[in-house]
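As the structure is a computational prediction, the values presented were derived from the model and not from experiment.
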Amino acid sequence: MRPQPTLATLASGLKLHYRVQGNPAGPWLVLLNGLLSDTTMWAGVLPGLADRYRILTFDSRGQGRSDAPLEGPYATAQLAEDAWELFHALGIENPWLIGLSNGSAMSLELLSAHPGAFAGAVLTSAMPRFDFAMSLKAEHWARCLEVGGPLMQFDAVAPFLWGDAFLEARHGVLRAYHQVVTGGGDRPQHGNLHQIRGTLGWDIRERLDRIKTPVLLLSGAEDLLTPPWKCLETARRIPHSRFEVVPGIGHAYPVEDPKGFVARVRAFVDEVQGDLADREF
């Protein structure tokens, strides 16, 4: 029997599905999902993190087992506000943010809106805005979902999400997973559509200099959706951030190479915590 979801009810009445796991004595890590995904996208990285960190995974509105209000779209800033309220409801203080794609955009919203509230961040595929080219892609994906359902939408998105070798080897598994995550034909698609269209027009460039937290920005060398040269702009606007391009990786580093991703997260967290300890000493 599948475990029942753990739900937190926000002040608006919105219910968010979440799970807390890992080392109760460790620093908090909050893992923020990519667009049209759910908490299962982190399955590959959890074994490498749970021994050291206390981990929160959750579905944003419209994702997984969380509520999908009829009213939309779900703006990125709104998703970040939901997350902030969830952190307070669960008593989570000074966490690390670990984000992928739209989860990275949510993280940038949180980091800029609440300076000093986070220990640091490791963000993958983090562009500073949803530009015209991205908007064209997103609207195309939304129309594919409306006309042909999740599988047509997946085939439109897939070449942008993963590196060539990974996609060729795993296409069938990924396609089946995507259909389950987006609901297949069993539930209305408005939540997924509101997620996609909520990204349109997002632009945080002028607020990135408010971020003082240590941030590692990772970009896959084969990422066609949020290419390194666009993610580099994010790094240039965040004071003292670090930017790394990962060879052989597409858009979804935590899914394509979980062990490599975990190694980078652990190394960066250790480095930042070591620097803090040295300064305190």
Side-chain angles (χ1 to χ4, degrees), residues 32-38 41 60-63 68-83 99-113 123-163 167 174 178 181-183 188-208 211 217-238 243 250-253 255:
L32 294 101
N33 309 337
L35 195 68
L36 295 176
S37 187
D38 68 1
M41 65 156 283
S60 295
R61 65 171 70 202
Q63 292 184 330
L70 288 172
E71 300 79 10
Y74 309 149
T76 303
Q78 183 177 46
L79 300 182
E81 289 175 7
D82 291 344
L100 169 64
S101 194
N102 203 50
S104 292
M106 290 169 60
S107 298
L108 294 174
E109 287 281 350
L110 288 163
L111 292 165
S112 61
L123 308 180
T124 302
S125 307
M127 294 203 311
R129 67 184 179 116
F130 225 74
D131 60 18
F132 181 73
M134 280 291 294
S135 297
L136 286 177
K137 295 184 183 86
E139 187 56 38
H140 176 229
W141 301 338
R143 291 295 298 145
C144 286
L145 189 58
E146 289 174 325
V147 173
L151 293 184
M152 178 182 284
Q153 189 265 338
F154 174 85
D155 287 339
V157 173
F160 295 100
L161 293 187
W162 295 285
L167 180 61
L174 292 166
H178 178 81
V181 168
T182 55
Q189 297 295 330
H190 69 267
N192 300 316
L193 292 169
H194 287 339
Q195 286 181 58
I196 296 172
R197 291 184 168 132
T199 61
L200 302 178
W202 179 75
D203 189 341
I204 200 171
R205 287 175 296 175
E206 300 309 314
R207 290 182 281 140
L208 290 177
I211 299 174
L217 296 154
L218 301 172
S219 182
E222 297 182 16
D223 187 349
L224 300 180
L225 183 61
T226 58
W229 64 269
K230 290 188 178 183
C231 296
L232 179 59
E233 183 181 2
T234 307
R236 286 173 171 164
R237 289 176 178 268
I238 299 176
F243 180 73
H251 182 71
Y253 186 17
V255 178

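No donor-acceptor pair closer than 3.5 Å links the side chain of H194 to the backbone N or O of A68. Using modelled atom types, no side-chain atom of S104 and backbone atom of S125 make a donor-acceptor pair closer than 3.5 Å. Side-chain N or O atoms of Y74 include one that pairs as donor or acceptor with a backbone N or O of P69 at under 3.5 Å.
Between the CE atom of M41 and the CG atom of L36 there is a distance of 12.0 Å, given to the nearest 0.5 Å. Taken from OG1 in T226 to CG in N102, the straight-line distance is 11.0 Å, to the nearest 0.5 Å. Here the CG-OG1 distance, from L123 to T234, works out to 9.0 Å after rounding to the nearest 0.5 Å. Atom CG of L224 sits about 8.5 Å away from atom NZ of K137, to the nearest 0.5 Å. In this structure, CZ on F154 lies 7.5 Å from CG on L161, to the nearest 0.5 angstrom. The distance from the NZ atom of K230 to the CE atom of M127 is 5.0 Å, given to the nearest 0.5 Å.
Proximity of L100 to Y253: side-chain heavy atoms (C-beta onward) are nowhere separated by under 4.5 Å. In this structure, the side chains of S219 and T124 stay at 4.5 Å or more apart for every pair of heavy atoms. Taking the side chain as every heavy atom from C-beta outward, Q78 and P73 never approach each other to under 4.5 Å. Side chains of M134 and T199 form no contact here, defined as non-hydrogen atoms less than 4.5 Å apart.
Heavy-atom neighbours of R236 CZ from other residues, nucleotides or ligands within 6.0 Å: at or below the threshold of 12.
The side chain to side chain contact (heavy atoms under 4.5 Å, CB included) check on E109 picks up T76, A77, A80, W202, I204, R207, with sequence neighbours excluded.
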Can you list the steps and then say if Q153 with E146 is a side chain to side chain contact (heavy atoms under 4.5 Å, CB included)? CA-CA 9 Å; Q153 189 265 338; E146 289 174 325; over 6 Å; no

CA sep, side-chain torsions, deciding dist, call: R237, E206, side chain to side chain contact (heavy atoms under 4.5 Å, CB included): CA-CA 8 Å; R237 289 176 178 268; E206 300 309 314; 3.6 Å; yes

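The two atoms that bring A126 and L108 nearest to each other are CB-CD1, 4.4 Å, heavy atoms only. What you find for L110 and A83 is that their closest heavy atoms are CD1-CB, 4.3 Å. What you find for G201 and F130 is that their closest heavy atoms are N-CB, 4.2 Å. The nearest pair of heavy atoms linking A235 to F243 is CB-CB, 3.7 Å. Across L79 and S60, no two heavy atoms sit closer than the pair CD2-CB, 4.2 Å.
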